[in-house]
Structure formats: structure tokens, C-alpha cells
Amino acid sequence: MAALATGGPNVDVSLLYGVNALARYAPAAVDRAVVLASSYGIPLLMVLLVLWCWRGARRQEPAAAAETFAALLWAPLAAVVALAVNVPLRQLVGRNRPFHMHEGLHVLEPAASQSLYSFVSDHATLTMALGMGLFLARRRIGLIGIGLALAEGLSRVYMGVHYPTDVVGGFALGTAVVLVLAPLAMAALTPAVRAVARSPRAARLVRARGLARPRPVELGGERAAVGGARTHDSDLAA
């Protein structure tokens, strides 16, 4: 724990300097683009992926759609849970930001100094939790989300505000929360989604306009039909 907190001369620090050196020698426009992508671009793309997945799920069969929507709901909820877990974890580990411990780093986000501790990365935790949640809903879209999360983590090291292990820890935390709690979350959220699908007013949230709303089985009608069939059979037998 102490070695992690102090961040001595090791592979972690070497990787930090190696990746951050790219920011020092890159054009200023590239550095600005990375900062914008890390702070706004990648999170916005993650939201768009969720909406894209939601749009496709509305055209699925009811049974499959319920599971997909439950996973889509679980993705942001899991991200919130993971970020909440990270609050005491940061205090427990107490690892200072790398630019407080090492000289010569090219820091692209001075506002990061407002947060003293760096392990684990909130950005890496958030994006990976969303990416893994999307993977549970739709694998192909989830792979895109995971790729965006990896890019987010790399950008934090590039900007000089996190060690590589801060990012890896964030990936692990986000993934663990999504996968470990997924059975309980899906068991709770899937019935709620099915209830929404049966609602005349809220059903549009989980069903496209052209698809028919699932209707409850009319037992009386079935009995009447069966009774009629039996009468017809009896007449033929007679």
C-alpha cells in the first residue's frame, strides 16, 4: 500500500513518463483535442451508444427487449455504484496525484489538482462500467463502449493526471461492480421493464410505435373458442 501511495521509480512511473512525453512533443491542438475528448467527447459518445442501443432494443421481441432494457438501466446505475465505492477507496489508499510526486510532467488538466488523490481513476471507472453494462445489453455496441473506455484511460495518463495503475484499477472496479452485481440487478430490473411494457402510457419507452403491445391472455375467450370447437366436433361426430 505504501509503495502504491508514494509511487517510486518503477514500471508504473516509467509508463507515466513515456505516455505523458507524447503530450509534451505533440502540437498544442492535439493536446486540446485530447482534453476535450477526455472531459466531454468520450462521455458524450457513451451516452449516444446507450441511446443507440435503446433505439434498437425497442424493435426486439418483448422477452429479449426486457432483458436488453434491464441491462441498459443497470449500466448507469452500476457506474454510480462504482463511483460511490471509489470514494472511500481513494481515502484508504491515499495515493497523491503524479504531478505532486514527480517533476517534469506536462499536465494538461490543472483542475485535477483540486482532487488530491488519484487511485483509482473516476473517469476510467465510469466509462468502463458503462462499457461493460452496454456489453451485457448488446455485445457489439458494448465492445465499442469498452474501446472508448480504454481510450479514456489512456487519455488520463497522457494528460499527466493519473498513473497507469490508477486507470487499470478503475477498469477493474467498474468491471467488477457491473458483473458481480448483475444477477441481482437484472432480477430486480427485468420485471420492472416488463411492467412498463404493459403500461398503455409508458410502453413507448420500451416498444417502437409499429409494434403491437403484448396483451394479457383472455381466458374466457379461449374457453369459448375451445367450447365452440368441442361443440363443432360433437356435431360432426353426430
Side-chain angles (χ1 to χ4, degrees), residues 4 12 15-16 19-20 33-54 68-99 107-182 184-186 189:
L4 180 62
D12 197 21
L15 287 174
L16 167 65
V19 175
N20 181 251
V34 171
V35 173
L36 288 174
S38 178
S39 301
Y40 306 103
I42 293 178
L44 176 60
L45 287 175
M46 298 295 289
V47 172
L48 293 177
L49 282 180
V50 172
L51 294 176
W52 183 17
C53 191
W54 168 77
T68 301
F69 276 108
L72 285 176
L73 288 174
W74 173 230
L77 291 176
V80 172
V81 172
L83 291 176
V85 171
N86 192 32
V87 173
L89 180 60
R90 278 192 170 191
Q91 298 295 325
L92 177 64
V93 177
R95 186 186 204 186
N96 289 324
R97 292 279 187 178
F99 50 80
V107 182
L108 301 181
E109 190 181 37
S113 59
Q114 298 176 2
S115 176
L116 179 62
Y117 299 130
S118 68
F119 186 89
V120 296
S121 167
D122 278 341
H123 288 75
T125 301
L126 172 67
T127 52
M128 185 56 73
L130 289 173
M132 290 303 300
L134 281 169
F135 184 79
L136 294 180
R138 295 284 296 275
R139 290 191 177 184
R140 291 183 180 180
I141 298 178
L143 289 175
I144 299 174
I146 292 172
L148 289 174
L150 295 175
E152 177 72 18
L154 181 62
S155 71
R156 306 306 291 176
V157 181
Y158 180 94
M159 293 162 60
V161 296
H162 280 292
Y163 294 95
T165 48
D166 296 338
V167 171
V168 173
F171 290 161
L173 177 59
T175 301
V177 169
V178 171
L179 297 183
V180 171
L181 299 180
L184 291 176
M186 295 294 288
L189 293 173

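By the side chain to side chain donor-acceptor pair (under 3.5 Å) test, Thr68 pairs with Gln60, sequence neighbours left out.
Atom CD1 of residue Ile146 and atom OG1 of residue Thr175 lie 7.0 Å apart, to the nearest 0.5 angstrom. The distance from atom CG of Leu49 to atom CG of Leu44, rounded to the nearest 0.5 Å, is 10.0 Å. Note that CG of Leu173 is 11.0 Å distant from CG of Leu126, once rounded to the nearest 0.5 Å. The CG atom of Leu51 sits 12.0 Å away from atom CE of Met46, with the distance rounded to the nearest 0.5 Å.
Among all heavy-atom pairs drawn from Ala84 and Pro88, the shortest one is O-CD, 3.1 Å. The shortest non-hydrogen separation linking Ala82 to Gly174 is CB-CA, 4.4 Å. Closest approach of Val157 and Leu15 over heavy atoms only: CG1-O, 4.5 Å.
Side-chain contact between Thr165 and Arg95 is present, with heavy atoms from C-beta onward closer than 4.5 Å. Taking 4.5 Å as the limit, some side-chain heavy atom of Asn96 sits within range of a side-chain heavy atom of Tyr117. Side-chain contact between Leu16 and His162 is absent, with no heavy-atom pair separated by less than 4.5 Å. Side-chain atoms of Leu136 and Leu179, non-hydrogen and from C-beta on, do get closer than 4.5 Å to each other. Within the 4.5 Å cutoff, no side-chain heavy atoms of Val167 are placed close to those of Leu154. You'll find the side chain of Val161 reaches within 4.5 Å of the side chain of Val107, heavy atoms only. Side-chain contact between Leu189 and Phe69 is absent, with no heavy atoms from C-beta onward closer than 4.5 Å. Contact check for Leu134 versus Cys53: side-chain heavy atoms found under the 4.5 Å cut-off.
Pairs passing the side-chain hydrogen bond (donor to acceptor under 3.5 Å, both in side chains) check and including a residue from residues 42-53, sequence neighbours excluded, do not occur. Counting only residues at least two apart or on different chains, no salt bridge (charged side-chain N to carboxylate O under 4.0 Å, His left out) pair has a member in residues 132-148. The list of side-chain hydrogen bond (donor to acceptor under 3.5 Å, both in side chains) pairs with a residue in residues 34-43, not counting sequence neighbours, reads Ser38-Glu152, Ser38-Ser155, Ser38-Arg156. The list of salt bridge (charged side-chain N to carboxylate O under 4.0 Å, His left out) pairs with a residue in residues 122-132, not counting sequence neighbours, reads Arg90-Asp122.
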Side-chain polar contacts of residues 73-81 - donor-acceptor pairs under 3.5 angstrom, sequence neighbours left out - could you list them?
from, atom 1, to, atom 2, distance (Å)
Trp74, NE1, Val178, O, 3.1

TODO: Take Phe171 and Val120 through the side chain to side chain contact (heavy atoms under 4.5 Å, CB included) test and state the conclusion after the steps.
DONE: CA-CA 9 Å; Phe171 290 161; Val120 296; over 6 Å; no

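In the model, Ser118 has a side-chain atom that pairs as donor or acceptor with a side-chain atom of Asp166 under 3.5 Å.
Between the side chain of Asp12 and the main chain of Tyr163, no donor-acceptor pair closer than 3.5 Å is present.
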